[in-house]
Amino acid sequence: MGTHYDLACALCTPAALVEVCESCAERADQRSFPSGWYGEPEILMRDKELAGSWTTRPCPVRPLNDGCLAPMPDGWLALTEEGFVRIDGDDQWLVGPVELPEETYEDIRDIPDRPRRSLRTSRDGRYAAVVSDYGQFATVVDLLEWSTVLDLDRDWNDNEFTRFPLAFLGEGETAKVVAGTDWNRLDVFTLPGGELLTGRETAAPDHEHYLDYFQGALHVSPSERALVVDGWVWMPVGAPVVVDVAAWLDGDPHAAEHGRSLTSRDWVWDRPIAWLGDTTVAVQGMGESDDRMLDGVELYDVTTGRRTGMFAGPAGPMWAHDGLLYVRAEAGLEVWDPAEGARIGLLAGFHPVAHGSGAFAELRNDRLRIWAPVG
């Protein structure tokens, strides 16, 4: 049942199976699986009624796209054609306009819907960033003072293939932002001052800490002591990497260049990733190549880089909350229990675009729907 499998050599499959010791099987599993599949995995469906509370109200706010609604401590922030719009309780109001430099790289025009604006917010709601996913620029705004505190440029080198790497850390006096400052470089800045905390030499290809890696979307752990970078290496191989943020800010200047690789996948990156805790990351897609990838989730221990489990089924934008995975699928919001490897519920027809403080929000057709799980 579920994702149970036998390992077999791809050159001699089908072949008679032989028994080996547990350690040998585990070593082979970690190093070579899967180069291909025979048969289909079972998708475990154990749906039950989901406990939660609903809030629905009119909300005539039109985000630019599904990536332009973000959580605030007391509501939501949207990026619209007019600029930032605060959504709070029964009201919404325009905060002000925000602009990014125009993308001038001509080759990007050959890829539909790129570049694309996206919105990020800090945990305390003081800062917001407008980024050009699959583009070059980003800007960080202090919403309290209504001022631009940082303009970012990650230069241009195949940026049309990755989301802009940017994430907020801390709050109040410890607030920071980590962001891409070149195609292969991340840096950390203080907020609101914009002071660079991670100055170092890495640019020359012959430098010992040179990084031949295209930085992508950043996913910060719950404690903010680590982050996963969803980037890739040439020739196009997706390679999610864990960066030890705590060590980086505690004096290891090249921690960002020496992250731990979780897996490698031919032509596969820019997939949903979610932290299930401070040591476990869920990465969507089962397999090592785009032509042999199955819908599902692989689980990794970030302290060792080892795959600790996987299960079939999930496919779509994904968030983690209280140890469960929430996936926006065609039918609605699915809830998956990684411990069982099973879907345990479905909110049919509900397609949220943002998650924060335990609540999921859908903003479409001038209507805001919010669902908060309970228990």
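The model shown is predicted, which means the values in this text are computed figures rather than measured ones. We use all heavy atoms of the structure for the numbers below, so side chains are in, but hydrogens, waters and symmetry mates are not.
Annotation: F360 is in aromatic contact with Y326 [ring centroid separation under 6.0 Å]. Aromatic rings of F137 and W156 (six-membered ring for Trp) have centroids beyond the 6.0 Å cut-off, not under it. W232 has its ring centre less than 6.0 Å from the ring centre of F214.
Within the 3.5 Å criterion, the main-chain N or O of D155 finds a donor-acceptor partner in the side chain of N159. E224 contributes a side-chain N or O that, together with a main-chain N or O of G170, makes up a donor-acceptor pair within less than 3.5 Å. At least one donor-acceptor pair closer than 3.5 Å links the side chain of D47 to the backbone N or O of G345. Side-chain atoms of S147 never come within 3.5 Å of backbone atoms of D142 as a donor-acceptor pair (strictly under, hydrogens ignored). Under a 3.5 Å cut-off, the side chain of R265 and the backbone N or O of G285 do form a donor-acceptor pair. A donor-acceptor contact shorter than 3.5 Å links the side chain of K176 to the backbone of T174. The main-chain N or O of G83 is found under 3.5 Å from a side-chain atom of T80 such that the two form a donor-acceptor pair.
Within 6.0 Å of CZ in R225 there are 12 or fewer heavy atoms belonging to other residues, nucleotides or ligands. Heavy-atom contacts from other residues, nucleotides or ligands closer than 6.0 Å to CD of E201 number 12 or fewer. Within a 6.0 Å radius of CG in D291, more than 12 heavy atoms belonging to other residues, nucleotides or ligands are found. Within 6.0 Å of CG in N365 there are 12 or fewer heavy atoms belonging to other residues, nucleotides or ligands.
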Could you give me the CA-CA distance, side-chain angles and deciding distance for T263 and E288, then say whether side-chain hydrogen bond (donor to acceptor under 3.5 Å, both in side chains) is met?
CA-CA 8 Å; T263 185; E288 293 185 348; 5.0 Å; no
- Evaluate side-chain hydrogen bond (donor to acceptor under 3.5 Å, both in side chains) for Y210 paired with E208, printing each intermediate quantity in order. CA-CA 6 Å; Y210 177 77; E208 64 174 315; over 6 Å; no
Test side chain to side chain contact (heavy atoms under 4.5 Å, CB included) on R328 and D66 and set out the steps.
CA-CA 12 Å; R328 191 181 79 212; D66 283 353; 3.6 Å; yes
Could you go through the side-chain hydrogen bond (donor to acceptor under 3.5 Å, both in side chains) check for Y134 and D270 one step at a time? CA-CA 10 Å; Y134 315 107; D270 197 23; 2.6 Å; yes
Evaluate side chain to side chain contact (heavy atoms under 4.5 Å, CB included) for E171 paired with R126, printing each intermediate quantity in order.
CA-CA 8 Å; E171 57 184 318; R126 175 169 177 176; over 6 Å; no
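Using bins of under 30°, 30° to 60° and over 60° for the plane-to-plane angle, the ring pair W371/W54 lands in the tilted bin. Under the 30°/60° scheme for interplanar angles, the aromatic rings of H254 and H207 are found to be tilted.
Among L166, V131, T148, D151, the one residue that satisfies the side-chain contact (heavy atoms from CB on, under 4.5 Å) test with V140 is L166. Between D133 and the options R114, R154, R163, a salt bridge (charged side-chain N to carboxylate O under 4.0 Å, His left out) holds for only R163. Just one residue in the list D88, I87, V61 forms a side-chain contact (heavy atoms from CB on, under 4.5 Å) with W93, and that residue is D88.
The hydrophobic cluster containing V130 does not contain L69, counting ILVMFWY residues as joined when their side-chain heavy atoms lie under 4.5 angstrom apart, directly or transitively. Residues V188 and V241 fall within the same hydrophobic cluster, defined by Ile, Leu, Val, Met, Phe, Trp and Tyr side chains chained together at heavy-atom separations under 4.5 Å. In the hydrophobic clustering of ILVMFWY residues, with side-chain heavy atoms under 4.5 Å counting as a link, V302 and V283 come out together. Using a 4.5 Å cut-off between side-chain heavy atoms of Ile, Leu, Val, Met, Phe, Trp and Tyr, with links allowed through other members, L211 and V242 fall into different hydrophobic clusters. Taking hydrophobic clusters as Ile, Leu, Val, Met, Phe, Trp and Tyr residues chained together by side-chain heavy-atom distances below 4.5 Å, W269 does not share a cluster with V237.
Side-chain atoms of S132 and R116 form no donor-acceptor pair, as typed in the model, at a separation below 3.5 Å. Between the side chains of T279 and D301, no donor N or O sits under 3.5 Å from an acceptor N or O. Side chains of N184 and Q215: a donor-acceptor N/O pair is absent below 3.5 angstrom, by distance only.
Side-chain contact between D230 and T162 is absent, with no heavy atoms from C-beta onward closer than 4.5 Å. Between Y127 and L150 there is no side-chain heavy-atom pair separated by less than 4.5 Å.
T280 contributes atom OG1, which lies 7.0 Å from atom CG of L299 (distance to the nearest 0.5 angstrom).
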